[in-house]
**Student:** 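My questions will all concern the structure given below.
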Amino acid sequence: MSPADSAAVSPPAATVDGDWKRVHPASPFVRGWVALAAVGFFFGRDAFERMLQGRDFLDPNLNGRVPWLLAGGAVVLLLTVGGFILSWYFTRYQVAEGYVRVNTGFLFKQQRQARLDRVQAIDIVQPLLARIFGLAELKFEVADAGESAVRLAYLPLHQAKQLRATILARAAGVVSGPETIEEIPEAPEHVVLAVPPGRLIGALLLSEQTVGILLGAAVVVTTSVLLENNAIFLALIPGILGIGAAYWSSFNKGYNFTAAISPDGIRLRYGLLDTQAQTVPPGRIQALMVTQPPLWRVFGWYRMHVNVAGYGVSASSEGAARTMLLPVGLKSDVMRMMSLVLPDPGVGDPERVFTAGLEGLAPAGPQSSAGDGFVTTPRRARLLAPLGWRRNGFFATRTALVIRSGRWWRTLVLVPHQRTQSMALQQGPLARRFGVADLVLHTTAGPVSPRVFQAGVEQAVELFDQQSARAREARKRQTSEQWLAQVAPQAPEVAATVEAEQPQRPAQPVQPVQPVQPVQPVQPQTSPQEDRHNG
Amino acid sequence: MHTEAIDPPGVQWLRVSPKYVTVRLVEWAIGNVFMVAILSLPLIFVLLGWWLWPPLWLAITVPAVMLVLALWRLLLIPRQVRAIGYAERDDDLLIRRGIFFQRTMVVPYGRMQYVDVAVGPVERGLGLCTLKLHTASAGTNAHLPGLPAEEGARLREQLSARGEARLAGL
């Protein structure tokens, strides 16, 4: 049996017990403060109200029952706190041997381990209360599109950052030795763009949401005037509260949005009260979408969404925020983010291609192409898509497929070739009548669903065939899960920063920390853990 | 078998078993006969004079329209079954279906996460099975119904073996 196998099958607690760590002792209280507050409220409200009214602390009529009530309250409180302490005591985690392991539960135990090189994203989340105490939650995402594989709540912020650096460094293949967590420095990062609050507010005010609200308000005002009934406004109050909450949540999530690049991947930070820092390693973005609502065109704003396998699809505002790559930005910001997501666009002048994808329009005349390279819906199908036929189009670079659509809601979708899961050509009776077909690319769950609308049948079939071949070629080129080898040559300036600032952390995995290994047998005492490394 | 305009050129389609028509007929009967029967109840009640509200023309029209639709679907079944096809290529599996609304799908072997073989009661009686391919995308709705059981088993083994040989990450 190889050493790696023995590490995988033997119970982790028995072999590497020394490395197990616990989360911060205060974390169950930060997480469960609602429960404590409820207990306090239930038993303390009566006494508190009495004190306010200047009466006795306890109800005189209750004298006989008071000890029981107090005892009951104390028992509930003790049970809650005891449960917190037990859950804290039995929650332990460890990062070793290329795995992150978490043990939880004391009645129903759960041991979970996830392979580090399968990481799709790592988030550090700080809800307001945790932020006050300087704590943070670490979320480790793997590709199952559901719940986070590993959630460590809560760690001190510096420890969470340290752990993130360790996990990412090991997953990237930079560090392979058995060092402890503390030795790995955090990768340097370079801020690429920030969204000013003013632009965020403007973007919210001009979003589709606002248009819908204005339309709704107009309808309500008209009806109330027509019916001469003012009571209808009362019914609006819950709606207004809900709308306010939605705006607040968008603002809270988008505030202070910063994107940075580091050798560990793209790092996004945002949040006003609850802050979040996401790290998406390079090559983990499955698909990307740039959209522009009609009103944003005045200011030339765009927003970007991505599909990341670990984030999945989630209706909550938090889930929506996690798949947001850029809440609002100018075209230059979009170009910069594109270059981060796709370091090698696979085409000579990416700027021109992406501009054509964002704004381009095929000529209305009988000539077939605008010369921007995009293959658009043939003129014969202009009745089928009277607005979109000059917009709907695709362009295949060496590394990605660029799909554009939408005349009013301009959309640009980008799918790297090696990320395509499967594809389907679809054609309904009307489309057949006009000689067009849709090509659907399947990617992991998320807000982006790439689809080439109404391409001419010949072009669609040709694309279908070529795209399978291109995806196959791209997959053959990209074999390693350890991304630094693939990314470093394409991002020389990043690699250079790493080398300049962190000489002990090489950017090329050609010279990792391996040479340290042979030194170990010199140590006279070998624990079972070290045995496994050497033997 | 003829190939349609959106099929890639030069593909030799394999067809599913004609016995699959029976499975579809049973499904059709369970769904539509039941539906038409329920929708006919108001007509019976009106004719018996128990109910007054739905006027006679409405009570007749609704089940009649449903009946015509059901019969139309019944007529389409054999053609739909004949339109299901699959082809194993060197690196991917092609699946096509539909005549009115056509879909041709390609699933690369290296992208398959797992392969399911499912057998329902009617299919078991006819010695058929349904093969389902799953990739990391929920959009890959690749199922291949009406395969003879031994062909399903062969395909499953074949696909798994090829998937392993061409395994790629996400």
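Just so you know, these numbers use all the heavy atoms, side chains as well, and skip hydrogens, waters and symmetry mates. Proteins get letters first, then strands, A, B, ... in listed order; numbering begins at 1 in each.
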**Student:** Looking at A:R433, I'd like to know if its CZ atom is crowded, meaning that more than 12 non-hydrogen atoms belonging to other residues, nucleotides or ligands lie closer than 6.0 Å.
**Tutor:** no

**Student:** By a 4.5 Å heavy-atom criterion (distance strictly below it), what part of A:A437 contacts chain B: side chain, backbone, both, or neither?
**Tutor:** side chain

**Student:** Would you find more than 12 non-hydrogen atoms of other residues, nucleotides or ligands less than 6.0 Å from A:Q466 atom CD?
**Tutor:** yes

**Student:** Does atom CE of B:M66 have more than 12 heavy-atom neighbours from other groups under 6.0 Å away?
**Tutor:** yes

**Student:** With a 4.5 Å heavy-atom cut-off, do A:R472 and B:D92 have their side chains touching?
**Tutor:** yes

**Student:** Using 0.5 Å steps for rounding, measure from the CZ atom of A:F464 to the CG atom of B:L94.
**Tutor:** 5.5 Å

**Student:** Please give me the minimum heavy-atom distance between A:S422 and B:V107, naming the atom from each residue.
**Tutor:** CB-CA, 4.0 Å

**Student:** Will you find, in the side chains of A:T444 and B:S137, an N or O donor that is under 3.5 Å from an N or O acceptor?
**Tutor:** no

**Student:** First locate atom CD of A:Q426, then atom CZ of B:R97, and finally report the distance between them rounded to the nearest 0.5 Å.
**Tutor:** 8.0 Å

**Student:** Which pair of heavy atoms, one from B:P108 and one from A:R475, lies closest together, and at what distance?
**Tutor:** CB-NH2, 3.3 Å

**Student:** If you count heavy atoms of other groups shown closer than 6.0 angstrom to CZ of B:R79, is the number above 12?
**Tutor:** no

**Student:** If you take all heavy atoms of B:I6 and A:L425, which pair is closest and at what distance?
**Tutor:** O-CD1, 3.1 Å

**Student:** Backbone N or O of A:T420 within a donor-acceptor pair of the B:R111 side chain at under 3.5 Å?
**Tutor:** yes

**Student:** Is there a donor-acceptor pair under 3.5 Å between the side chain of A:R432 and the backbone N or O of B:F101?
**Tutor:** no

**Student:** Only pairs of heavy atoms separated by less than 4.5 Å count here; which of B:D91, B:T135, B:N141 has the most with chain A?
**Tutor:** B:D91

**Student:** For a 4.5 angstrom cut-off between non-hydrogen side-chain atoms, does A:S468 reach B:R89?
**Tutor:** yes

